[in-house]
Protein chains: 2
Amino acid sequence: MAGLKTTDHYHHGDLRNALLQAAERLLQERGVGGFSLRDVARAVGVSHAAPYRHFRDKGTLLRALTGRGFERLRAALADAVAGQRGPEQSLIAATRVYLQTTVQDPGMTRLMFGGVIPAQGDDDITLRLSSVREVLVGIIKAGLAVGAYRDREPRELALVAWSSMHGLAMLIDSATLDVEPDDTEQLDALARSVAQIVLYGISRS
Amino acid sequence: MAGLKTTDHYHHGDLRNALLQAAERLLQERGVGGFSLRDVARAVGVSHAAPYRHFRDKGTLLRALTGRGFERLRAALADAVAGQRGPEQSLIAATRVYLQTTVQDPGMTRLMFGGVIPAQGDDDITLRLSSVREVLVGIIKAGLAVGAYRDREPRELALVAWSSMHGLAMLIDSATLDVEPDDTEQLDALARSVAQIVLYGISRS
DNA sequence: ACCTGAACACCGTTCAAGT
DNA sequence: ACCTGAACACCGTTCAAGT
């Protein structure tokens, strides 16, 4: 009981991580609306003023959380694409994973894409966000390399693919579309439907 | 000065509308995060308890506002489609208007699609929302009627079209995409790009 | 019938003070 | 160096009381 002074005083920055971890859980449970810094402090067992030693304000903590979210999305997309054969399968897989990741944790998703956080110059966030974009651009470039896609700017094609999967995700996430977040089969079907139209369009011929 | 007791006491429900109007302005100015019921009351010159005579709580007032937003979107879409010739032009026009309407007022858009409002049974909102969907389904049905589109469920095709325009709008609205909301030319170019891919796909041939 | 003022339980943030 | 407790200016919501 004597040698370890670790668990109850959070020296050297343990508190920072403990706060982030608790914050992430609270965000999942209560959503961004019901999220308070004081709750986070309480959850960690520290005074409500303590977080200010590690984060300038609530927004700064939320930004740190958002960074994690984008990194997770990037990794999930990269993984999904890695195991695929052709450009068609890559796009379908990416759409499916984008949907899953984004629907699984609505609180985080709203933090990432809800405009909750005051956009602030060249953060860590802008970097991680552009990493997400680059995965999508990468899919398109691979397809272009084998002559699968129309000869246009990769970024333009990627933007359209991104918009489509993102829009579907947001419509589900905002409960605009009546889809059960846990119904993986339905999610996959929707993903495939969207990806295939992005590939071949809705027009006959 | 005697006959008219109108302006300073808000009898018979004037206050309700005055509150909604002020709320809409404050939402535009300060965004959904900086929006408070007390501010609304202040703006109208009434005590902070007065709104409770007309709305059960903050959420109820916001829901009423959201209803207006969906109705405006529906009307804008219907107008845009009305003046168009073929199915292609209709879809492009709809995408353009969806983008404009939604980017013009980010506060309202986040209220409508940000999951801010606790979804609540069969509202007025669900009705107005499905009216928006029906305009989009209408475009698709018209295209199907002249044999322009693939033979699939109209609602499935409409969902993809909706996802695409919605996703583009959300990416812009959340500042994920670096687009000036006032740059109408760029917005229109993006809308056309997305609509055309939805029509013909990104695949060569 | 409609509005007010005080009150309650919450926030985010700051700052002197403690170890 | 790191955390606490009191304090301040805000919320949303309720409720007795006023007209």
Side-chain angles (χ1 to χ4, degrees), chain A residues 2 4-23 25-27 29-66 107 110-111 114 116-118 120, chain B residues 2 4-23 25-27 29-66 107 110-111 114 116-118 120:
Chain A
L4 288 173
K5 35 186 174 172
T6 323
T7 37
D8 43 351
H9 280 120
Y10 295 109
H11 42 82
H12 30 259
D14 287 20
L15 181 53
R16 189 178 197 278
N17 282 304
L19 288 168
L20 281 172
Q21 208 172 316
R25 190 170 49 78
L26 287 173
L27 184 66
E29 287 172 4
R30 305 227 242 280
V32 52
F35 178 92
S36 90
L37 210 48
R38 287 174 104 116
D39 271 342
V40 175
R42 251 189 298 272
V44 164
V46 92
S47 96
H48 61 261
Y52 288 88
R53 215 42 53 179
H54 299 271
F55 300 95
R56 193 146 43 84
D57 54 18
K58 191 185 177 186
T60 307
L61 188 155
L62 289 179
R63 251 187 298 273
L65 231 50
T66 310
R110 276 193 42 211
L111 202 56
V116 182
I117 292 176
Q120 180 174 282
Chain B
L4 288 174
K5 32 184 173 170
T6 322
T7 38
D8 44 351
H9 281 119
Y10 296 111
H11 43 82
H12 31 259
D14 286 20
L15 181 52
R16 189 178 197 278
N17 282 303
L19 287 169
L20 281 171
Q21 207 171 316
R25 190 169 49 78
L26 288 174
L27 184 66
E29 287 172 6
R30 304 228 243 282
V32 52
F35 178 92
S36 90
L37 210 48
R38 285 173 105 114
D39 271 343
V40 175
R42 253 189 297 274
V44 164
V46 94
S47 95
H48 61 263
Y52 288 87
R53 214 44 51 179
H54 298 272
F55 301 95
R56 193 148 40 86
D57 53 19
K58 192 186 178 185
T60 307
L61 188 153
L62 289 179
R63 249 186 300 273
L65 231 50
T66 310
R110 278 197 38 214
L111 203 56
V116 183
I117 292 177
Q120 180 175 283

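Chain letters run A, B, ... following the sequence lines, proteins first, then strands; residues in each count from 1. When reading the values below, keep in mind they use all heavy atoms of this one structure, side chains included, and skip hydrogens, waters and symmetry mates.
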- Note on the structure: A:Arg38 meets the salt bridge (charged side-chain N to carboxylate O under 4.0 Å, His left out) criterion, sequence neighbours left out, with none
- Want to know the stems of DNA chain C: at least 3 consecutive Watson-Crick or G-U pairs with distances under 3.5 Å, which are they? C:4-8 with D:12-16, C:12-16 with D:4-8
- Minimum heavy-atom distance between A:Leu15 and A:Ala50, given as atom pair plus value: CD2-CB, 4.2 Å
- Task: Carefully, step by step, assess A:Phe35 and A:Leu62 under the rule side chain to side chain contact (heavy atoms under 4.5 Å, CB included).
- Result: CA-CA 10 Å; A:Phe35 178 92; A:Leu62 289 179; 3.7 Å; yes
- Query: For B:Arg53, what residues pass the side-chain contact (heavy atoms from CB on, under 4.5 Å) criterion, not counting sequence neighbours?
  - Reply: none
- Task: Take nucleotides 8-19 of chain D nucleotide by nucleotide from the 5' end and write B, S or -, depending on whether a protein heavy atom sits under 4.0 Å from the base, only from the sugar-phosphate, or from neither.
- Result: ---BBBBB----
- Item | Student check: side-chain heavy atoms of B:Leu27 and B:Arg110 closer than 4.5 Å | no
- Message: Among residues at least two apart in sequence or on other chains, which ones pass side-chain contact (heavy atoms from CB on, under 4.5 Å) with B:Thr60?
- Response: B:Phe55, B:Arg56, B:Asp57, B:Arg63
- Tell me, which pairs form a salt bridge (charged side-chain N to carboxylate O under 4.0 Å, His left out) where one or both residues lie in residues 39-51 of chain A, sequence neighbours left out? A:Arg30-A:Asp39, A:Asp39-A:Arg42
